[in-house]
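Below is one structure, written out as structure tokens; comments come after it.
We use all heavy atoms of the structure for the numbers below, so side chains are in, but hydrogens, waters and symmetry mates are not. Read the numbers this way: they start at 1 and go in the same order the structure lists the ligands and their atoms.
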Amino acid sequence: MLPSSRHWLRIPKTYKAAVYDKPGQISIKLEELPTPEPGPGEVLVRITHSGVCHSDLSVMRSGWTGLPPCPVGQIGGHEGVGIVQKLGPDCEATSVKLGDRVGIKWAAAFCGKCAACKAGFDGHCETKKFSGFFTPGTFAEYTLAPANYVTPIPANLSSTLAAPMLCAGLTSYSALLKSGTSSGDFVVVSGAGGGLGHLAIQIGARGMGYRMIGIDDASKRSLVLECGAEHFLNMRDFNDTTLAEEIMKLTGGQGAKAVIVCAGSNRAYAQALPMLGFGGTMVCVGIPEGEQVPISNATPGALFAMQKRIVGSSVGSQKEAIEVLNLASMGIVKTVCREEKMDALQGVFEEMSKGAAIGRVVLDLS
Ligand SMILES: [Zn+2]
Ligand SMILES: [Zn+2]
């Protein structure tokens with residue numbers, strides 16, 4: 001059957017979704033829900049793949065202090081790739097067509113008018129609509145998305161490899177852009193073997209020409225070196241003082257130009273500042289769960305004498321998402337991942353909560 005102007009294929013009346021039925025705990029329930037109709041400016045996307053991010057686990061467990069608890073029945077997920085299946089009214093002004101392969105990110109929508117949007121930070125739009133947190137996410141066969149904010153997926157990139165770029169890849173890339181570094185500079189990544197860290201190492205080493213140093217547990221050594229790190233440090237071989245001393249040694253006494261803290265650990269934050277050389281930047285990315293504590297040694301004196309900076313970075317803009325997907329389509333960054341079906345999600349989260357997951361899990365929802 002040829003596609004009509006507004007939809008193609010048969011769209012089922014209901015679709016399968018994985019919902020958080022007991023927020024606060026790791027508990028997933030598969031439900032059949034009525035397929036929604038796209039409203040003005042919206043498209044219905046048949047999701048074929050969704051990455052599983054550590055933030056999904058934090059949202060489900062209501063692990064982030066300062067944010068409202070997750071609602072019962074929330075559909076999680078914010079690294080979705082799928083096919084535009086139906087256009088709502090008023091989508092003509094956008095470039096999205098039926099059958100397009102598109103991505104859905106943590107920032108579910110943008111307004112184009114707020115201070116963040118005007119500054120090019122549409123991923124931080126004040127509308128605060130987040131996929132998988134109060135807005136239905138991508139652990140489902142279908143979802144709605146604004147036609148003007150879905151991300152085009154390069155034709156030669158598989159959906160499995162595209163999905164993790166929409167949060168993990170975007171977050172890693174944006175953090176490196178905010179690090180104030182130039183090619184040839186030393187950049188340290190703590191948590192270098194994790195979902196974000198191993199992408200930051202690849203993008204930094206192969207996409208941006210940085211000299212990357214990875215810090216993580218000994219079990220991640222070969223992964224981090226294969227990703228392009230020049231050096232790997234096993235965090236258990238050092239205390240906080242000797243770790244910074246080792247970085248000074250590896251960088252010929254100058255210190256790192258940037259430290260990207262991907263590990264969601266207060267200790268990793270406390271270790272980062274002494275590793276920086278003159279004018280160095282610490283980029284805060286990983287979010288420690290539980291009570292938020294200040295970065296322990298960030299005294300004014302520790303910053304001004306050496307002109308150090310501390311910056312925060314989370315997700316990124318639509319422009320950055322398109323750029324990092326292009327890096328992936330060129331083979332510069334490739335996520336270590338494995339595929340699972342939707343009914344395996346409970347086990348995947350349990351594995352993640354024990355820190356046992358190696359690389360990213362991508363759900364195959366097709
Ligand atoms: Zn994420
Ligand atoms: Zn906005």
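- At the Zn ion (ligand 2), the vertex angle linking SG of Cys117 with SG of Cys111 is 120° (nearest 10 degrees).
- Vertex the Zn ion (ligand 1); arms to His78 NE2 and Cys167 SG; angle rounded to 10 degrees, 110°.
- Each of Trp106, Phe130, Phe133, Phe139 was checked for a ring-ring contact (aromatic ring centres under 6.0 Å, His included) with His78, and the lone residue meeting it is Trp106.
- A salt bridge is defined here as a Lys NZ or Arg NE, NH1 or NH2 lying under 4.0 Å from an Asp or Glu carboxylate O, and Lys249 with Glu245 fails to meet this definition.
- The closest side-chain donor-acceptor pair between Glu339 and Thr160 falls under 3.5 angstrom.
- Listed for the Asp100 side chain is no donor-acceptor partner under 3.5 Å among the backbone atoms of Val102.
- Angle SG(Cys114) to the Zn ion (ligand 2) to SG(Cys125), rounded to 10°: 120°.
- Here His54 fails the criterion, with no N, O or S atom under 2.8 Å of the Zn ion (ligand 1).
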